Amino acid sequence: MPQAVIVGIVDYPEEGKFMAKPNPAGDFLQFIIGGCLFGSGGFLLANQVMVRSAVTYSSYRSRYGGWGDGGGFAMPFGTPGMGLLMLPLALGVCLMFAGTYKRLANLLVWASSAALFVGVLNSLRMTFMATTLWQLAVYVVMIGAGGGLMFRSLNSYQPEPTPKADDFDAKKELEELRRRIDSRDS
């Protein structure tokens, strides 16, 4: 029987062994550690991003003689055409609550919600704060290792196929037919 070779926190199965036996306590701990790595890496990476409105108008002169670019205010109207997306969203929600045209209602709600989300993201200006390459590499490795550990902990838990009721009936019928054939022969 092949055994796993344990190296550090990750165990590598020997050749020919693809699925390990489930170890609920160990897999749960591995999932929690992976989730902590993934979450903290994502938090640290997101902490380096500055978000502000994309359209700003600076209304002051800088002390160096030129027009400033750091202050000002956002344009009051936002992204043009965003208000028009509320009409299909409202129509979709109305159809959804009325219980008619369910496919059209879902299409309108999801499509207008996605367009609103893209419009909001499009109106933002995201800049990455200065960071060292080492910090960025640590963030990316934390996210990748955490995701890998979480997926790995779930790897040995494949859903078992549940037999259908028809399969039980067919097996019973085959057994009954075999009994009849055996009773005729004897």
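Counting from 1, the numbers follow the sequence of the chain as shown. What you are looking at is a predicted structure, and each value in this text was computed from that prediction instead of being measured.
In this structure, OH on Tyr139 lies 10.5 Å from OG on Ser40, to the nearest 0.5 angstrom. Annotation: the span from Leu136 atom CG to Thr131 atom OG1 amounts to 6.5 Å, rounded to 0.5 Å. With rounding to the nearest 0.5 Å, the separation of CG in Leu174 from CZ in Arg179 is 11.0 Å. Note that CD1 of Ile32 and CE of Met150 are 10.0 Å apart. Values are rounded to the nearest 0.5 Å. Between the CD1 atom in Ile143 and the CG atom in Leu45 there is a gap of 5.0 Å [rounded to 0.5 Å]. Note that CG of Asn122 and CG of Leu116 are 12.5 Å apart. Values are rounded to the nearest 0.5 Å.
Judged by distance alone, with hydrogens and angles left aside, the side-chain atoms of Ser183 form a donor-acceptor pair with the main-chain N or O of Arg180 at under 3.5 Å.
Contact between Ser153 and Asp27 at its shortest, heavy atoms only, is CB-O, 3.3 Å.
In the hydrophobic cluster analysis, where Ile, Leu, Val, Met, Phe, Trp and Tyr join through side-chain heavy atoms closer than 4.5 angstrom, Met142 is grouped together with Leu29. By the rule that hydrophobic residues join a cluster once side-chain heavy atoms approach within less than 4.5 Å of another member, Phe97 and Leu107 end up as members of separate clusters.
Within 6.0 Å of CZ in Phe128 there are more than 12 heavy atoms belonging to other residues, nucleotides or ligands. The number of heavy-atom neighbours closer than 6.0 Å to CE of Met126, taken from other residues, nucleotides and ligands shown, is above 12.
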Let me see the working for Leu91 and Leu87 under side-chain contact (heavy atoms from CB on, under 4.5 Å), right down to the final yes or no. CA-CA 6 Å; Leu91 182 63; Leu87 293 175; over 6 Å; no

Determine whether Lys172 and Glu175 satisfy the following criterion, salt bridge (Lys or Arg N to Asp or Glu O under 4.0 Å), listing intermediate values before the conclusion. CA-CA 5 Å; Lys172 287 180 183 178; Glu175 288 176 17; over 6 Å; no

